[in-house]
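Taking it in order: structure first as structure tokens, then the write-up.
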Amino acid sequence: MEQQIDPKQLAPIVEDLCRLAQVLYDRSQDWPALNRNSRRILASVEMLKINLGRDSD
Amino acid sequence: MNYDVPFWNPYLETLPREKLDELRLKKFRRIFRWAYERSKFHRNLYQQAGIQPDDIRSLEDVAKVPKVEKSMMRDIQRKDPFPYGDALCVPLDEVTEFRQTSGTTGQPVYQADTWQDWEWWSECWATLLWAQGYRPSDRVFLPFGYNIFVAFWAGHYACEKIGCETVPGGVLDTKARILKMQEIKATAMMCTPTYVLGMADTATNKLGLNPASDLGIRRITCAGEPGALIPATKKRMEQAWGAKVFDHVGATEIGAWGFECADQPGALHVNEAMFLAQIEDMETGEPITGPGKPGKLVITALDRIAQPCIRFDSKDIVEFSDDKCSCGRTYRLMPGGVIGRADDITKVKGVLLAPSAIEDVVRSIPGLGDEYEVVVEKRGDVDHILLKVELSEGAEIPQKEMEARLSTELRVRTNLGYEIQIHSYGTLPRFEVKARRFKDLRKHGVS
Ligand SMILES: [Zn+2]
């Protein structure tokens, strides 16, 4: 591996993404486009959490 | 992005064993609690067994969790919410994907997935495709009838996730698919081993093409049948296409849980960051953790949330190896992949018979075609095996000679005698999706 990966350092960034996407999702109940797109971002963020071994849980 | 990185996820795929075990325990506890708290089906099952989430303190404790069988999933689908039943752990509005099992062993089972689950499906597939050498520079052709079954759908989405150019070869016939692959210079494809051989046959005998030199396919990923890890079948496919052929295994209810890496160790890696694979003795049900002893795979999808797969009795026969793979992954290997199905591995005249052993013999003999069929039945009180094979196109081999060779090689390999019928080329049935070549009429009357 060229680059050492420390999932613990990356986990807070994923947490920030998750929090921001959740805010968008919660505030967009009357705006389907924002609501569904932020929902899909949340699903992708969940994959990032899985990618990092759920270190942010 | 660096295409030379050999791992889709360099962190998870090289985790030391103790870290991997920690992760799997953490994830099992999480999905177990998730299902316990959200699904009546799971809660009832676990309460009846006297087990609750806090009781899982080690991976050994997982063996106390009751298994789920396909028949149980069929039963609950008569309950609400329609059509999935009470194993569903999310509101129906969260479900974005419907798939169903093929129904080869009974009423199909419906499978619900959320978008997150669908991302997870493609994540599992991306892991295996990257391991097999797929990169964003690939143009991947999917000669597959996109439909209600999950097969290759997730492969399609995973190709997109990786960044490959993804070509849906859906409602085209075999000739049109081959010509399209040639026209657009596809570099990789995915299909069942049966269809890999069937396409090569069509290309050669109906289109006058040599797949190895006239088409630019460099790698092929197989699914749906075990052939890509049966040495003689793999060799036929690789020679016909001039490509590397890789196996992968998965199921609608489970996900894509195992894969062959680019180093082709003759084994499948279990994707252990995403799945907890346990093997149990076929007769006693005792856990098998050591290498070299085949048993039944009981598997948990650790991150699948809509309709969780927790200790699912897969009926796949597998065994562990303690060998380390040269690719550097720490994910455990299963030599030979799925060796058979508990439904198919059967005793004939008191001898255990795996259909894959017959396939390996048939496809290792030059002059025999790719198709074959095995019928086991009772004649009086005696088990009888009929093997139908086909000569390859243009083969001129005396029938008696071929029968004698087959008979000898089968006896050496399986310890059994066979009635052999040799048919001319093109007369046995062709399959595109899951070939059913093994029929045990003693069990069901029909197969
Ligand atoms: Zn490997």
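Chain letters run A, B, ... following the sequence lines, proteins first and then strands; every chain starts at 1.
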Legend entry - Structural part of B:Glu94 lying under 4.5 Å from a heavy atom of chain A: side chain

Legend entry - Results of salt bridge (Lys or Arg N to Asp or Glu O under 4.0 Å) for A:Asp26 - residues two or more places apart only: none

Inset, instruction - Answer yes or no: are there more than 12 heavy-atom neighbours, outside B:Arg33 itself, under 6.0 Å from its atom CZ? - result: yes

Inset, instruction - Could you tell me which non-hydrogen atom of B:Tyr11 sits nearest to which non-hydrogen atom of A:Gly53, and how far apart they are? - result: CE2-N, 4.1 Å

List, one per line, each side-chain donor-acceptor pair under 3.5 Å for residues 252-263 of chain B, sequence neighbours excluded.
from     : atom 1 : to       : atom 2 : distance (Å)
B:Glu253 : OE2    : B:Lys70  : NZ     : 3.3
B:Glu260 : OE1    : B:Lys234 : NZ     : 3.0
B:Glu260 : OE1    : B:Asp247 : N      : 2.8
B:Glu260 : OE2    : B:Lys234 : NZ     : 2.9
B:Asp263 : OD2    : B:Ser326 : OG     : 2.7
B:Asp263 : OD2    : B:Cys327 : N      : 3.1

Legend entry - Distance in Å, B:Lys27 NZ paired with A:Arg54 CZ, rounded so as to fall on 0.5 Å steps: 6.5 Å

Legend entry - Interface residue of largest heavy-atom contact number with chain A, from B:Leu12, B:Thr96, B:Thr127, under 4.5 Å: B:Leu12

Legend entry - Interchain contact, B:Lys19 with chain A, by part (heavy-atom threshold 4.5 Å): neither

Inset, instruction - Find the distance between CD1 (A:Ile50) and CG (B:Asp303) and round it off to the nearest 0.5 Å. - result: 3.5 Å

Legend entry - B:Phe41 atom CZ, over 12 foreign heavy atoms within 6.0 Å: yes

Atom pairs and distances, side-chain donor-acceptor, residues 157-164 of chain B, under 3.5 Å, sequence neighbours left out:
from     : atom 1 : to       : atom 2 : distance (Å)
B:Glu160 : OE2    : B:His156 : NE2    : 3.1
B:Lys161 : NZ     : B:Glu119 : O      : 3.2
B:Lys161 : NZ     : B:Glu119 : OE1    : 3.1
B:Lys161 : NZ     : B:Glu123 : OE1    : 2.7

Legend entry - Contacts of residues 33-42 of chain A with chain B (heavy atom under 4.5 Å): A:Arg39, A:Arg40

